[in-house]
Protein chains: 2
Amino acid sequence: MPPSSPDGLTRNAGIREVARRAGVSIATVSRVFNAHSTVQQGTRERVLEEARAVGYSPSPLGRNLVRGRSDLLGVILPNTGFPLYGAVLRGIEDTIQASGMSVLLASSRDDAQIEVQAAQHLLRHAVDASIVVNSRAGRNLPTDRDLAYVHIAPEDPAVPHRVELDNVRGGELAAVELLAGGARCPAFVGAPGRESAERERGFVTSMEEAGRRVRRVPGDYSEDSGLRAGMALPADVDAVFVAGDLMAAGVLRALHQQGRRVPTDVAIVGFDDSLIAPLLYPRLSSVRQLAYDMGVAAAQLALGLIAGEPGPDVVITPELVRRESSIRVPSPRPP
Amino acid sequence: MPPSSPDGLTRNAGIREVARRAGVSIATVSRVFNAHSTVQQGTRERVLEEARAVGYSPSPLGRNLVRGRSDLLGVILPNTGFPLYGAVLRGIEDTIQASGMSVLLASSRDDAQIEVQAAQHLLRHAVDASIVVNSRAGRNLPTDRDLAYVHIAPEDPAVPHRVELDNVRGGELAAVELLAGGARCPAFVGAPGRESAERERGFVTSMEEAGRRVRRVPGDYSEDSGLRAGMALPADVDAVFVAGDLMAAGVLRALHQQGRRVPTDVAIVGFDDSLIAPLLYPRLSSVRQLAYDMGVAAAQLALGLIAGEPGPDVVITPELVRRESSIRVPSPRPP
DNA sequence: TTGTAGGCGTTATCAG
DNA sequence: CTGATAACGCCTACAA
């Protein structure tokens, strides 16, 4: 019995139903819905007509099975909650939406082991490609067929298909800004990992070229570590570059507590320009990480790989967003 | 030809391969991998053994097709980037991970139209259920078979399967805190929508019971609107409850600019306890929204619906997180 | 307990 | 340009 639907509810019409009503074979219906196939004008219209009538469109499930791929893009984030990753995700989503793909999410919890498992899981779901943010596993990710990974800021400097921020340049921007503000005794608050090291390199190099020695204080990207770093800042330091905004918030608080005025006594530049930067007091100058743009770039790269046209790696150039924390004004002494 | 693999690479082994090696039919292999099926101990072990040997596990694609459902959970967020939603997402992820499901993401951009399309898209991918955050479309979401929606804080107060915060209670908590700090002239900074209205109701009711009249100032959840609201605050106001942390950041800044001290001159309580609250200056007291917990609850509800055991709606009781912005201390005048 | 066979909804190959 | 028909990988009556 053909799936005529005598009950009130329109059960999901399939390709057969449409073929029957249009008086063609299911093969023709399929061709109509798959581009670059040749089918006569009249037939095509008739099929489309009937399809609309019963509300048909090809089921992803059947299609996935036969094609061995889905229209899914895997995304592996270290941590779903972090704002910066949210921006990346949004960039990815906005970009792939047009091509009818969707995002299958997984998280790695900053653990190479878990990351590999997540990748495997995505693989089994036949994602067309995956984007991995801050990959720990790097080249060890399982790769089926010619599955493509696009990496955003991976630890491993050798993985292909990468989108990355020019961290060294970011450090330089911070140095330029602080020097313009008259920095004499600069400090750098860093964190473990490649990215922080690069930011430090750019900063220190520029500062040394200007004849300034940079004090280093370690942290771990947390606000708390920033607070401790701020407390440990030598008394003569008058300019600080902090490798992450959250840490910068901690440094800022430490300075408040010590009664040191920002930017009058100490100027500060953060990194990321995450959404907290303009909310801090004073508003934090920060090297903009352009997370949204990185998501967009990664998605475009992924789309290219899927289409068989691998694009070149992307290096995004950061900008400095100037706000109150680094803009030196004459000491506000009322008359 | 059976898929013996003469080339070096182990091509993905299928159910047939395992069946052949274990000397059983594919039906038996299938039964081994589907619980509540009865297969002899010895046979089961042999199958498992061979499965492990070739690295086999049932393909989601084939399984989805025949079962008409995937092991995917749809999640529709208004906006992928917003921190609060990130927390919800994390709660969802952490909860479903154990059951081997994964999250298929979509966003609604706060638009009922787009929300419906997103839901349809998820539907076609045969998600087992969907979680919708801040639904605008409400009961108008397309519903195939017995697909279940779980709603987190929907606009429509009548949709079933909901997880929600007790906003009225949140308003009361804010009132209690501010009254304890000696509030005489309280104000409320609100925003459009049901949630803000409920927070207002709880706040105003409690305040009026204490004999205080509440000034209302409108906003829209943005920092900027908070800044404007803060500027528009009558001079005698000494306590403010703001319906969102981001707006509260704006209010705080306005007060700084006016030279009004927080909490000495004006005490402030925000709402959400988003991750910016402890970063503001001074640290912002806030009614905790427990977004992570709401994600967990929603995921549990969804899991229940999928299993055919619908659980009761969930109302989460907020807590007040006390921080500097509402803790009145004697004016800090050193001896 | 196990095997046989049919079907899930599509795409792709190969004739016509 | 179009129609049969064979996969795709798996689940599930039904039968043995």
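Just so you know, these numbers use all the heavy atoms, side chains as well, and skip hydrogens, waters and symmetry mates. All chains are named by letter (A, B, ...) in the order of the sequence lines, taking the proteins before the strands, and each is independently numbered beginning at 1.
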key: Heavy-atom side-chain contact between A:Ile76 and A:Val133 under 4.5 Å   = no

request  = Check the distance between C:dA12's C1' and A:Phe33's CZ and give it to me in whole angstrom.
outcome  = 18 Å

message = If the condition is salt bridge (Lys or Arg N to Asp or Glu O under 4.0 Å), which residues does A:Arg136 pass it with, not counting sequence neighbours?
response = A:Asp110

Short N/O separations, protein against nucleotides 3-7 of chain C, under 3.5 angstrom:
{"from": "C:dG3", "atom 1": "OP2", "to": "B:Ser25", "atom 2": "N", "distance (Å)": "3.0"}
{"from": "C:dG3", "atom 1": "OP2", "to": "B:Ser25", "atom 2": "OG", "distance (Å)": "3.2"}
{"from": "C:dG3", "atom 1": "OP2", "to": "B:Thr28", "atom 2": "OG1", "distance (Å)": "2.6"}
{"from": "C:dG3", "atom 1": "N7", "to": "B:Arg31", "atom 2": "NH2", "distance (Å)": "2.7"}
{"from": "C:dG3", "atom 1": "O6", "to": "B:Arg31", "atom 2": "NH1", "distance (Å)": "3.2"}

query = When the distance from CD1 of A:Ile15 to P of C:dA12 is rounded to whole Å, what number comes out?
reply = 11 Å

ask   = When the C1' atoms of the five terminal pairs at each end define the local axes, what inter-axis angle does the helix from C:dT1-D:dA16 to C:dG16-D:dC1 show, to 10 degrees?
value = 40°

request  = Send over the distance from B:Glu17 CD to D:dC10 P, rounded to a whole Å.
outcome  = 12 Å

ask   = What's the CG-P distance between B:Asp71 and D:dC10, to the nearest Å?
value = 13 Å

task = Output, in order, the C-alpha distance, side-chain angles, deciding distance and verdict of side-chain contact (heavy atoms from CB on, under 4.5 Å) for B:Met101 and B:Ile306.
result = CA-CA 11 Å; B:Met101 301 189 59; B:Ile306 293 169; 4.0 Å; yes

key: Min side-chain heavy-atom separation A:Tyr85-A:Ser107 under 4.5 Å   = no

ask   = Between A:Arg67 (CZ) and D:dA7 (C1'), how many Å, whole number?
value = 16 Å

task = Could you check B:Arg46 against A:Gly62 and say which one's nearest nucleotide on DNA chain C is further toward the 5' end?
result = B:Arg46

task = Go through the side-chain N and O atoms of B:Ser70 and B:His125 and say whether any donor and acceptor fall under 3.5 Å apart.
result = no

ask   = For B:Arg20 and D:dG9, what is the distance between atoms CZ and C1' respectively, to the nearest whole Å?
value = 16 Å

query = Rounded to whole angstrom units, what separation is found between the CG atom of A:Leu61 and the P atom of C:dT10?
reply = 10 Å

key: Ion pair A:Arg90/A:Glu93, N-O distance below 4.0 Å   = no

query = Would you say A:Ser30 reaches C:dG9's phosphate, i.e. side-chain N/O to OP1/OP2 under 4.0 Å?
reply = no

request  = Would you please name every residue forming a salt bridge (Lys or Arg N to Asp or Glu O under 4.0 Å) with A:Glu155, sequence neighbours left out?
outcome  = none

key: Test side chain to side chain contact (heavy atoms under 4.5 Å, CB included) applied to B:Asp313 - qualifying residues, sequence neighbours left out   = B:Arg162

request  = Check salt bridge (Lys or Arg N to Asp or Glu O under 4.0 Å) between B:Asp94 and all other residues, then give those that pass, not counting sequence neighbours.
outcome  = A:Arg109

task = Please state how far atom CZ in A:Arg69 lies from atom P in D:dC8, giving the value in whole angstrom units.
result = 18 Å

query = Considering only side-chain heavy atoms of B:Arg16, which listed nucleotide, C:dT2, D:dT2, D:dG9, is closest?
reply = D:dG9

task = Give one of base, sugar-phosphate or nothing for A:Asn34, where a contact means two heavy atoms less than 4.0 Å apart.
result = sugar-phosphate

ask   = Base, sugar-phosphate alone, or nothing: which one does A:Ser59 contact when heavy atoms must sit under 4.0 Å apart?
value = sugar-phosphate

request  = Indicate whether OP1 or OP2 belonging to C:dG9 is found under 4.0 Å from a side-chain N or O atom of A:Arg63.
outcome  = no

